[in-house]
Amino acid sequence: MPLFQSLPGFREFYPEALARRNHLFRLWRQTALTFGFVEYDAPVLEPLELYKAKSGEEIEQQLFSFTDKGGREVVLRPELTPTACRMVGAKANALKRPIKWFNIGEFYRYERAQKGRERSFSQLNADIFGEAGVEADIELIALLVQCLTAFGLTEQDFQVRLSDRDLWCYYLEALGLDEARVRALLVAIDKHERLGDAAFKNYADQFGPLDAVLKGKILAFLQIKSLPQIETALKPFSGGKLDARIADWRRLLDGLAAMNLARFVEVDLGVVRGLAYYTGFVFEAFDRKGDLRALAGGGRYNDLVKKLGGPDLPAAGFAIGDVTMGLLLEQRGLMPAFINAPDVCVAYDGEAGRLAAFPDIQTLRAAGVRVEYPLKELAFGKQLKAALESGAKLALIYGGDELARGVVKLRDLTERHEREVPREQVPAAVRDFLTGA
RNA sequence: GCGACCGUAGCUCAGUCGGUUAGAGCACCAGAUUGUGGAUCUGGGUGUCGCGGGUUCGAUCCCCGUCGGUCGCCCCA
């Protein structure tokens, strides 16, 4: 039993686990790059104020915060959005538009771990700054979908639920509610799926019981699952803001349809997202079987850059977490098995065989081929067994008989057959084999 | 922060109605093995029975506390 343990909720990545995580990171990064997003990085430790300013003080209990040796109140970052807003805000005038940034990093929260949640977790964050139109929202949702389909997930596995805080605000205003009531109702709407009627308790405590007719309208609006339903519900209120918003919706959905993404996206006004800083379209990706928590979430936060002291810069973004994503890929059998496998395993006979193999090993490695060989000589049976268990596709055999004849055996570990190749042709033969030539 | 359940080897677990030196399978290590496939055989236990205290002649077992884990609540970035 080890004397020291890692801190609760903090994850250690043994090679196999890290290979799985790297698999996620690699495809996320590749996908974000293909969408023209550029990668940046940011501090892991931030001043407490950065999050207090935005989220209110009660969130502090969820923050991994402490006082540093200089007496500063600091936080292990719980999310990237405020940091990104600060960075972009500071140089907004110098940055080429559109600003499409992504980052892959680790985040922290001080909380009891549970399924799909740890105290440390990694996320892909992707954001677009400086574009107020639905073009940015389309781009982000398209990236989100491809960040999931890149792993082999399909519309059978997940869906993106799309909603709109602006639409909710405009609708509730049209029903005659003031700003404070609207804000309280958005919280209730966010909780309604989980809590049902109890979601309205906080509102009732604050403003008294919700009028039954009003509540009926809100509950009906919350069930909406399509644009035509939105249009029908809003007919009595037709006018400037609402009409323009419906036009935004149409352009958003038309754009997604033209990208052939309609099958992944479902209108669902029951989603509004808990965080106060969201302003317009919001979306969440869910496992369709529904036994996991959200895979990803995001939306528009047009006011945040300014609130954090920057210019008035519209923005939208999303994040995908590695924990739920990893669970889903495991469940669907989409996590590759031999991620750490070498391309080639060498087996050799004695010191002479070892030395004969070394030049080829060096040449192949220099060419980017992953080559493994036993550091200490083992019986051939064991060497080949180890080669097979490693997941390598090819074994190179430097035996005494072969070397005496100036050849090396290439053994196809999958097909179980082998052929001899003149020693000087080994690197070329290996490359041909690996490229399928 | 709250609640429920759990804690014996790297993993899955057995065990002791409280009794001497704590077990199995898998995994791992070494050898049989000086040339060919997940095999077989031999050898190896790799352990502070989570930790601390209490009860007891004696505690891995019973009691209390604590730490850790799992799941849920709160919250969800």
Side-chain angles (χ1 to χ4, degrees), chain A residues 1-11 14 16 46 50-51 54-56 58-64 75-85 105-125 127 187 190-191 193-195 198 202 271-278 282 284 291 293-299 301 304 317-321 323-324 345 347-353 376-392 395-404 408-418:
Chain A
M1 200 59 61
L3 213 47
F4 297 103
Q5 301 183 334
S6 65
L7 289 166
F10 282 83
R11 296 177 296 166
Y14 285 80
E16 205 178 305
E46 291 281 15
L50 183 63
Y51 306 101
K54 182 211 79 193
S55 316
E58 88 275 12
I59 207 102
E60 197 178 331
Q61 148 189 3
Q62 316 270 21
L63 293 177
F64 209 111
V75 181
L76 284 169
R77 60 183 182 188
E79 59 165 327
L80 193 61
T81 307
T83 304
C85 287
E106 192 165 46
F107 300 86
Y108 310 87
R109 95 185 95 207
Y110 196 83
E111 255 213 321
R112 290 293 293 269
Q114 52 184 294
K115 190 174 186 185
R117 296 181 74 173
E118 305 283 345
R119 280 188 173 177
S120 69
F121 54 97
S122 296
Q123 288 188 339
L124 164 73
N125 275 267
D127 297 273
V187 173
D190 179 46
K191 295 185 181 199
E193 184 170 30
R194 284 198 308 274
L195 302 182
N202 253 328
V271 174
V272 297
R273 309 219 16 98
L275 268 191
Y277 60 63
Y278 285 113
V282 291
E284 295 188 339
D291 47 25
R293 41 182 76 241
L295 285 163
Y301 48 96
L304 193 56
F318 71 86
I320 313 178
V323 180
T324 300
C345 269
Y348 56 79
D349 183 13
E351 188 66 9
K376 283 182 184 169
E377 190 185 357
L378 295 168
F380 261 75
K382 286 205 170 177
Q383 294 193 52
L384 288 168
K385 182 179 162 184
L388 196 74
E389 287 173 349
S390 78
L396 296 181
I397 301 173
Y398 292 78
D401 299 345
E402 290 85 350
L403 291 174
V408 171
K409 267 186 187 156
L410 270 64
R411 184 170 181 88
D412 183 329
L413 292 168
T414 314
E415 301 296 322
R416 293 185 166 219
H417 60 64
E418 58 191 27

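Here is how names work: the chains are called A, B, and so on, in the same order as the sequence lines, proteins then strands, and each is numbered from 1. Remember, predicted model here, so these are calculated numbers, not experimental data.
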Exercise for review: Pick base, sugar-phosphate or nothing for A:Arg416, based on heavy-atom distances below 4.0 Å to the nucleic acid.
Suggested key: base
Check your understanding: Considering only side-chain heavy atoms of A:Arg411, which listed nucleotide, B:rU36, B:rC76, B:rC71, is closest?
Key -> B:rU36
Check your understanding: What integer distance in Å separates A:Leu378:CG from B:rC28:P?
Key -> 14 Å
Revision key, fill the gap. Comparing nearest nucleotides in RNA chain B, the 5'-proximal residue of the pair A:Phe10, A:Asn202 is A:Phe10
Review point. Between B:rG38, B:rC76, B:rU36, which nucleotide has the shortest distance from any of its atoms to the side chain of A:Leu388?
Key: B:rG38
Practice item. For B:rG10 and B:rG45, measure between their C1' atoms and round to the nearest Å. Key: 12 Å
Check your understanding: Considering only side-chain heavy atoms of A:Leu413, which listed nucleotide, B:rG35, B:rG37, B:rA77, is closest?
Key -> B:rG37
Check your understanding: Which part of the nucleic acid, if any, lies within reach of A:Gly9 when heavy atoms closer than 4.0 Å are counted: base, sugar-phosphate only, or nothing?
Key -> sugar-phosphate
Check your understanding: Run the side-chain contact (heavy atoms from CB on, under 4.5 Å) check on A:Tyr348 and A:Leu403 step by step: do they pass?
Key -> CA-CA 10 Å; A:Tyr348 56 79; A:Leu403 291 174; over 6 Å; no
Check your understanding: Closest heavy-atom contact between A:Glu377 and A:Glu351?
Key -> OE1-N, 4.5 Å
Revision key, fill the gap. Separation of B:rG37 atom P from A:His417 atom NE2, nearest Å, is 16 Å
**Study point:** Touch class at under 4.0 angstrom, heavy-atom based, for A:Lys191 against every strand present
**Key:** sugar-phosphate
Check your understanding: At their closest point, which heavy atom of A:Arg293 faces which heavy atom of A:Thr324, and how far apart are they?
Key -> O-CG2, 3.3 Å
Review point. Which atom names give the shortest non-hydrogen contact between A:Ile320 and A:Leu295, and what distance separates them?
Key: CG2-O, 3.5 Å
**Study point:** d(CD, A:Glu118; C1', B:rG68) in whole Å
**Key:** 13 Å
Exercise for review: Compute the centroid of each ring, for A:Phe64 and then for A:Tyr108, and state whether the two points are separated by less than 6.0 Å.
Suggested key: no
Point to revise | Rounded P spacing from B:rG15 to B:rA9 in Å | key: 15 Å
Practice item. Grab the two heavy atoms, one from A:Arg11 and one from A:Phe121, that are nearest each other, plus how far apart they are. Key: NH2-CA, 3.2 Å
Review point. Which heavy atom in A:Glu118 sits nearest to a heavy atom in A:Arg109, and how many Å separate them?
Key: O-NE, 3.9 Å
Practice item. Using only heavy-atom distances, decide whether a donor-acceptor pair under 3.5 angstrom links the side-chain of A:Glu402 to the base of B:rG35. Key: yes
Check your understanding: How close or far is atom C1' of B:rC75 from atom CZ of A:Arg293, stated in whole angstroms?
Key -> 9 Å
Practice item. For B:rC13 and B:rG7, measure between their C1' atoms and round to the nearest Å. Key: 13 Å
Study note, to complete from the structure: note: A:Gln123, atom CD; B:rC76, atom P; distance rounded to Å ~ 15 Å
Check your understanding: Contact class for A:Pro78 (heavy atom, under 4.0 Å): base, sugar-phosphate, or nothing?
Key -> base
Exercise for review: With A:Arg119 as the cation and A:Phe10 as the aromatic partner, state whether NZ or CZ is under 6.0 Å from the six-membered ring centre and within 45° of the axis.
Suggested key: no
Check your understanding: What stem regions, each of at least 3 consecutive Watson-Crick or G-U pairs below 3.5 Å, can be found for RNA chain B?
Key -> B:1-7 with B:67-73, B:10-13 with B:23-26, B:28-32 with B:40-44, B:50-54 with B:62-66
Practice item. Determine the interatomic distance between C1' on B:rG3 and the same-named atom on B:rU56; round to the nearest Å. Key: 34 Å
Check your understanding: Base, sugar-phosphate alone, or nothing: which one does A:Gly400 contact when heavy atoms must sit under 4.0 Å apart?
Key -> base
**Study point:** Side-chain heavy-atom pair A:Asp412, A:Leu410 within 4.5 angstrom cut-off
**Key:** no
Practice item. Could you measure between the two C1' atoms, the one in B:rC64 and the one in B:rU55, and give it in whole Å? Key: 11 Å
Point to revise | hbond_proxy A:Arg112 side chain to B:rG1 base (donor-acceptor, 3.5 Å cutoff) | key: no
Exercise for review: Tell me which nucleotide among B:rG35, B:rG38, B:rC75 gets nearest to the side chain of A:Gln62.
Suggested key: B:rC75
Exercise for review: Rounded off to whole Å, could you give me the CD1-to-C1' distance for the A:Ile320 and B:rC76 pair?
Suggested key: 17 Å
Point to revise | Span that lies between the C1' atom of B:rC28 and that of B:rU21, in whole angstrom | key: 24 Å
Exercise for review: Sticking with atom P, work out how far B:rC11 lies from B:rG69, rounded to a whole angstrom.
Suggested key: 14 Å
**Study point:** Distance-minimising heavy-atom pair for A:Cys85 and A:Tyr301
**Key:** SG-CE1, 3.5 Å
Point to revise | Residue-phosphate contact under 4.0 Å: A:Lys382 side-chain N/O, B:rA32 OP1/OP2 | key: no
Review point. Rounded to whole angstroms, how far apart are NZ on A:Lys385 and C1' on B:rU33?
Key: 13 Å
Check your understanding: Roughly how many Å is it from CD in A:Glu111 to C1' in B:rC2, rounded to a whole number?
Key -> 12 Å
Point to revise | B:rG65 versus B:rC26 - spacing of their P atoms, nearest Å | key: 41 Å
Check your understanding: If you find the nucleotide of RNA chain B closest to A:Leu80 and the one closest to A:Ala113, which residue's nucleotide is nearer the 5' end?
Key -> A:Ala113
Review point. Counting side-chain heavy atoms from C-beta on, which of B:rA77, B:rC76, B:rG1 comes nearest to A:Arg194?
Key: B:rC76
Review point. Under 3.5 Å, is there an N or O donor on one side and an acceptor on the other linking the side chain of A:Arg117 and the base of B:rC76?
Key: yes
Point to revise | Residue A:Leu195, side-chain heavy atoms: nucleotide from B:rA77, B:rC74, B:rU70 that is nearest | key: B:rC74
